[in-house]
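Since the model is a prediction, treat every value here as computed from it, not as a measurement.
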Amino acid sequence: MAQKIMVDGVVMWARDYKIDGFRFDLMGHHSKANMLAIRAALNQLTVANSGVDGKKVYLYGEGWNFGEVADNALFYQATQGQLGGTHIGTFSDRLRDAVRGGGPFDDDPRKQGFGSGEFTDPNGAPINSGAQAGLKHDTDLVQLGLAGNLKAFSFRLNSSGAVARGDQVDYNGSPAGYATQPDEVITYVDAHDNETLFDSLTFKLPVATTMSDRIRMNTLSLATTALAQTPSFWHAGADLLRSKSLDRNSYDSGDWFNRLDWTGADNGFGHGLPLEGDNGAKWPYMKPLLANSALKPNSAQVMTATAQAQDLLKLRYSTRLFRLGTAGAIKAKLTFPASGTANAIPGVIAMRIDDTVGADIDPSLKGLVVVFNATPEAVTQTVPGMAGKALSLSPIQANGSDPVVKNAKWNTAAGSATVPARTVAVFLQK
């Protein structure tokens, strides 16, 4: 009967209210059979019989494996890695943790990641011991996430230089790559659970980091989802530097901490110490940060952040190459040429999508190169195999809101990109 109400409810919302996607909380506490029953019922909806193409309605949820149902104890669960071929998505904590740094339950919230200055911009906290090796592994997780978190995607690891499949990359003792198709993964760095992206960066970036640079790291972090091959998920307000005053679990915190100001006048930071519940142990870290007025952006800075974020969305939809759609196309076209080579620069990712291989996805382009520079310095990243190939900065960035990225340059002879600090640059090959 529980399955029946799930099926009937979803069909009603899709048919009568034209809802085109459904998220399931703690989906791992449902069985795979539950989810397939919903999928089958939706597939019966057609434009002719219901005014809806049910096959286009997307299902996704939290595929965590824990609790009394863990490890299929009561039934075969709808969890990460067990939904291959269903086109049902699960949130991926792999890229999330690699970009933000650490995990949501760390005792010390200052653990840095690819998007928060790991190794290249240290905050001085002892928890970041071994940051150089940590950054290399986190870079692998980000690269795998950009490629759809596919278990069968092979690439040269930044951490070792060896070639490995996604399911051979470690994530806390489990395979990092677990999907068979890119729509089985939701890539995100910010959701309603845990600290917002802005608050996570507040914990992790060096306190002296300017607000301008904080905005750039916010944009760079969002870019790892906007330019990924999977569906991209942003929490409401991520582009507005939304803060909940460092609250980790705000479900019961009221509007005082949860209010979202669309005008940008108040991003929510500095409203006071959040409720003790899940936050009390971190109050000693929170107090000096919340009292620091330099860590609260003004409305102009919030508008700068959202303009940069909107440009990321324009980039995502400027070419189908950021949405190849199948594991086969991703494996054929997407590479990380500098990863694990002598050309690799710590804190930098170069992603190549070659549209001269396989089916022509975008007839207007031969391909593109994206360079993510998460470091506090400008870099010149050589991209192996690209010498002699002419590329140019995407018109969206060349004419966009961010004056800094307009300084990014491509050197055709060398096959290298010079990219400003804390910047993502997209170069197109026509």
Side-chain angles (χ1 to χ4, degrees), residues 1-96 104 148-151 174-175 177-194 225 228 230-236 249-253 258 278 325-327:
M1 292 304 295
Q3 176 174 296
K4 176 175 171 53
I5 199 170
M6 290 169 68
V7 171
D8 292 350
V10 168
V11 168
M12 178 192 70
W13 281 102
R15 180 190 61 221
D16 299 342
Y17 297 94
K18 308 300 185 280
I19 304 300
D20 62 2
F22 295 86
R23 170 198 177 276
F24 292 82
D25 196 77
L26 298 186
M27 189 171 67
H29 275 60
H30 296 305
S31 68
K32 180 179 179 179
N34 290 155
M35 300 307 301
L36 288 178
I38 298 169
R39 180 74 272 163
L42 285 171
N43 290 350
Q44 297 303 308
L45 300 181
T46 67
V47 174
N49 68 28
S50 304
V52 171
D53 184 353
K55 293 180 180 178
K56 293 183 178 179
V57 176
Y58 188 51
L59 302 178
Y60 67 104
E62 295 178 312
W64 316 133
N65 177 33
F66 74 100
E68 73 283 3
V69 300
D71 300 322
N72 303 315
L74 301 182
F75 45 73
Y76 194 81
Q77 300 163 263
T79 50
Q80 293 174 334
Q82 298 198 161
L83 293 168
T86 66
H87 301 289
I88 297 171
T90 59
F91 286 96
S92 173
D93 40 3
R94 277 68 165 160
L95 179 141
R96 178 201 70 189
N149 215 64
L150 301 172
K151 60 184 181 182
S174 297
Y178 63 79
T180 59
Q181 294 293 338
D183 60 359
E184 295 164 13
V185 170
I186 301 291
T187 300
Y188 75 112
V189 293
D190 192 1
H192 70 282
D193 283 329
N194 312 315
T225 80
T230 69
S232 174
F233 179 100
W234 288 7
H235 184 218
N249 192 0
S250 65
Y251 82 99
D252 200 26
S253 299
N258 284 304
D278 291 326
T326 68

Any side-chain to backbone donor/acceptor pair from R94 onto P175? Under 3.5 Å, distance only. yes

Could you give me the CA-CA distance, side-chain angles and deciding distance for R96 and T187, then say whether side chain to side chain contact (heavy atoms under 4.5 Å, CB included) is met? CA-CA 7 Å; R96 178 201 70 189; T187 300; over 6 Å; no

To check you understand the geometry: which heavy-atom pair defines the closest contact between G54 and N43, and what is its length? O-OD1, 4.2 Å

Taking side chain as C-beta onward, heavy atoms only, is Q80 less than 4.5 Å from S174? no

Worked check of side-chain hydrogen bond (donor to acceptor under 3.5 Å, both in side chains) between D71 and N65: CA-CA 7 Å; D71 300 322; N65 177 33; 2.9 Å; yes

Do the side chains of D183 and T230 get nearer than 4.5 Å, heavy atoms only? no

Could you check W64 against T79 for side-chain hydrogen bond (donor to acceptor under 3.5 Å, both in side chains), going step by step and ending with a plain yes or no? CA-CA 6 Å; W64 316 133; T79 50; over 6 Å; no

Between atom NZ of K151 and atom CD of Q181, what is the distance when rounded to the nearest 0.5 Å? 10.5 Å

Minimal heavy-atom distance between F233 and A191, with the atoms involved, is CE2-CB, 4.0 Å

Check: E184 side chain, T180 main-chain N or O, donor-acceptor pair, under 3.5 Å: yes

Atom CD of Q3 and atom CE of M35: how far apart are they, to the nearest 0.5 Å? 10.0 Å

Which heavy atom of V185 sits nearest a heavy atom of A179, and at what distance? CG2-CB, 3.5 Å

Spacing of S253 atom OG and N258 atom CG [to the nearest 0.5 Å]: 5.5 Å

Could you check H192 against Y251 for ring pair (Phe, Tyr, Trp, His ring centres under 6.0 Å), going step by step and ending with a plain yes or no? CA-CA 8 Å; H192 70 282; Y251 82 99; over 10 Å; no

Is a side-chain donor or acceptor of T86 paired with a backbone partner of I88 at a separation under 3.5 angstrom? yes

Side chains of L95 and V189 in contact at under 4.5 Å (non-hydrogen atoms): yes

Rounding to 0.5 Å, atoms CE (M27) and CG (N34) come to a distance of 11.0 Å

Rounded to the nearest 0.5 Å, what's the gap from CG on L83 to CD on Q77? Could you check? 10.0 Å

Between L150 and P182, is there a side-chain heavy-atom distance shorter than 4.5 Å? yes

Side-chain contact test, heavy atoms from C-beta onward, threshold under 4.5 Å: evaluate it for Y76 versus Q82 and give yes or no. yes

Should D20 and K18 count as an ion pair when the cut-off is N to O under 4.0 Å? no

E68 side chain near L74 side chain, heavy-atom distance below 4.5 Å: yes

So do L42 and V10 actually touch side chain to side chain, heavy atoms under 4.5 Å? yes

Would you say the side chain of R39 lies within less than 4.5 Å of the side chain of L59, judging by non-hydrogen atoms? yes

Give a yes or no on whether the ring-centroid distance for Y60 and F91 is below 6.0 angstrom. yes

Heavy atoms only: give me the nearest E62-D25 pair and the separation to one decimal. OE1-OD1, 3.1 Å

Write down the atom of A41, the atom of V7, and the distance for their closest heavy-atom approach. CB-CG1, 3.5 Å

Can the ring centres of F66 and H29 be said to be less than 6.0 Å apart? yes

Supply the atom-to-atom distance D190 CG to T225 OG1, rounded to the nearest 0.5 angstrom. 9.5 Å

Considering all heavy atoms, the nearest F22-A14 contact: CZ-N, 3.9 Å

Please assess N49 against Q44 for the test side-chain hydrogen bond (donor to acceptor under 3.5 Å, both in side chains), listing each intermediate value before the final yes or no. CA-CA 9 Å; N49 68 28; Q44 297 303 308; over 6 Å; no

Distance alone, cut at 3.5 Å: any donor-acceptor contact between the side chains of S92 and Y188? no

